[in-house]
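Okay, structure first, notes after.
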Amino acid sequence: MSDFNEQYNKLIDEVRVLVKKHARGRPPSISVSEETAALLTALGTALSGTTHESASASVADVQDKREQKIEVEVRTLEEENNEMTTPVDISSLTTLDEIAQVITACTRCPLHETRNKAVPGEGSPQAPLVFVGEAPGASEDAKGRPFVGRSGNLLTDIIEKGMKLPRADVFICNVVKCRPPENRVPSPDEVRICEPYLLRQLEILKPQVICALGAVAAQTLLKTTDPIFKLRGLWHDYHGIPCRVTYHPAYLLRNPVDKKKAWEDIQEIMKFMQDQGTVFPSS
Ligand code: URA
Ligand code: SF4
């Protein structure tokens, strides 16, 4: 390799490290100058030869002549790195405890860098009903338990006062297991990287019903971009399991008028379980 090429490649490696550092914990795009965008794009094409997405940074979303927002595939790089540090085949995990242990040590996506505690989920392994939320908030991140803050209190009331069930009889978890900084909505990449844990949890639990709390949970489970008003009020299918969608408790705290509709959703679930003769662990 010529001296020039060697130095060029070294420089590029350094840029990639900087880009990765810059992008940690943020959405998967960064802003760079037009010249840098062009350089990275050209380089991506030159280096890619393979199908390496990270090398083929694609230019998108031109906001300003000087500042182009490019989709540098930093997440792909993160993933590659992290697959090395978390070399676990999630589909081979066989118990909820095993999954929880792996989640607790997980570094597959950048959310691990800003979390205090990962929040795998909790409840009965025999739960016939599973609630799926979006992602942990501050209280959950501090405790390592799902739905233990203000939204959690409302969800607990829905389960215990509304459905007359002990909270420990259901299973409660989230799509994404670590708190996104400032409680932002998890990015599509974060959801994609974390989703195999949820999938495996539900495969092991095999509940009779799933209740998706809010748009992120519903859209992730049902692989749709339909808004919540279209998804509520119907039975959906998640890998053969009936799934009902309702408002997220955090939304209900901000919009208490919709509590009535949420209660209708919950009553549909209760009716279904009654028809099925569902038995709860502690009954
Ligand atoms: N909101 C969620 O979606 N999940 C939690 O665990 C807490 C708040
Ligand atoms: Fe791992 Fe999910 Fe936490 Fe990301 S959010 S670090 S994928 S457990």
Side-chain angles (χ1 to χ4, degrees), residues 23-28 74-91 93 96 98-123 130-159 167 170-201 210-221 228 245-255 262:
R24 290 216 162 149
R26 299 197 179 91
V74 285
R75 292 302 163 113
T76 306
L77 278 171
E78 291 281 353
E79 257 183 285
E80 280 165 20
N81 280 355
N82 292 330
E83 264 160 31
M84 289 188 284
T85 54
T86 315
V88 177
D89 173 12
I90 295 170
S91 62
L93 301 172
L96 294 171
E98 244 183 294
I99 298 176
Q101 271 175 28
V102 173
I103 289 172
T104 303
C106 179
T107 57
R108 288 164 66 93
C109 92
L111 294 182
H112 82 276
E113 293 181 358
T114 44
R115 76 176 173 222
N116 288 300
K117 287 188 176 167
V119 182
E122 68 183 22
V130 176
F131 288 93
V132 180
E134 178 177 315
S139 316
E140 292 78 19
D141 173 72
K143 295 198 172 130
R145 295 182 53 208
F147 284 98
V148 289
R150 278 186 69 225
S151 303
N153 290 340
L154 178 52
L155 180 63
T156 305
D157 280 351
I158 290 171
I159 297 166
R167 179 176 148 128
V170 302
F171 194 87
I172 302 173
C173 63
N174 288 296
V175 167
V176 160
K177 312 301 190 189
C178 302
R179 182 193 184 200
E182 331 295 295
N183 296 349
R184 65 165 166 75
V185 174
S187 73
D189 263 346
E190 287 154 0
V191 170
R192 179 178 55 77
I193 298 170
C194 202
E195 195 185 354
Y197 291 120
L198 174 64
L199 180 69
R200 193 68 189 130
Q201 285 174 317
I210 296 169
C211 179
L213 300 168
V216 170
Q219 291 170 349
T220 302
L221 288 169
I228 196 132
V245 174
T246 193
Y247 295 114
H248 192 286
Y251 167 86
L252 293 175
L253 289 173
R254 294 190 305 269
N255 302 274

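Order of appearance sets the numbers: ligands from 1, and atoms from 1 within every ligand. Numbers for residues simply follow the sequence, beginning at 1. Keep in mind the model is a prediction, meaning the values are calculated, not measured.
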### Query
Are side-chain heavy atoms of Tyr247 and Leu213 found at a separation under 4.5 Å?
no

### Message
One residue to check: Glu190. Relative to ligand 2, which of side chain, backbone, both or neither has a non-hydrogen atom less than 4.0 Å away?
### Response
neither

#### Entry: Residue Glu134 vicinity, atoms of ligand 1 by number, heavy atom under 4.0 Å
2 (C), 3 (O)

### Summary
Nearest heavy atom to atom 3 (O) of ligand 1, choosing from Glu140, His248, Arg145, belongs to His248

#### Entry: Interatomic spacing from CD in Gln201 to CG in Leu93 - rounded to 0.5 Å
10.0 Å

### Message
To the closest 0.5 Å, what do you measure between CZ (Arg115) and CZ (Arg179)?
### Response
14.0 Å

### Task
Could you find the nearest protein heavy atom to atom 4 (N) of ligand 1 and give me its residue, atom name and distance?
Asn174 OD1, 2.7 Å

### Message
Let me check your reading of the structure: within less than 2.8 Å of atom 3 (Fe) of ligand 2, is there an N/O/S atom from Cys178?
### Response
yes

### Task
Assess the side chains of Ser91 and Asp89: does a donor N or O sit below 3.5 Å from an acceptor N or O?
yes

### Query
Of the protein's non-hydrogen atoms, which lies at the shortest distance from atom 1 (Fe) of ligand 2, and what is that distance?
Cys106 SG, 2.3 Å

#### Entry: For Pro146, atoms of ligand 1 separated by under 4.0 Å from a heavy atom
6 (O)

### Query
So do the side chains of Pro136 and Asn174 get within less than 4.5 Å of each other, counting heavy atoms only?
yes

#### Entry: Gly133 N/O to ligand 1 N/O under 3.5 Å
no

### Task
Apply salt bridge (Lys or Arg N to Asp or Glu O under 4.0 Å) to Arg184 and Glu190, showing your working.
CA-CA 12 Å; Arg184 65 165 166 75; Glu190 287 154 0; 2.8 Å; yes

### Query
Taking only heavy atoms of Arg115, which atoms of ligand 2 are found under 4.0 Å from at least one of them?
3 (Fe), 6 (S)

### Query
What atoms of ligand 2 come within less than 4.0 Å of a heavy atom belonging to Cys194?
2 (Fe), 5 (S), 7 (S), 8 (S)

### Message
Would Ala135 count as a polar contact of ligand 1, with the cut-off being nitrogen or oxygen pairs under 3.5 Å?
### Response
yes

### Task
List every atom of ligand 2 that sits less than 4.0 Å from any heavy atom of Lys177, numbering the atoms from 1 in the order shown and giving each element.
5 (S), 8 (S)

### Task
Just do the salt bridge (Lys or Arg N to Asp or Glu O under 4.0 Å) check on Glu122 and Arg167 with the steps written out, would you?
CA-CA 10 Å; Glu122 68 183 22; Arg167 179 176 148 128; 2.8 Å; yes

### Between CG on residue Leu155 and CZ on residue Phe131, distance to nearest 0.5 Å
5.5 Å

### Message
How long is the straight-line distance from SG of Cys194 back to CG of Leu111, given to the nearest 0.5 Å?
### Response
8.0 Å

### Heteroatom N/O/S of Cys109 within less than 2.8 Å of atom 1 (Fe) of ligand 2
no

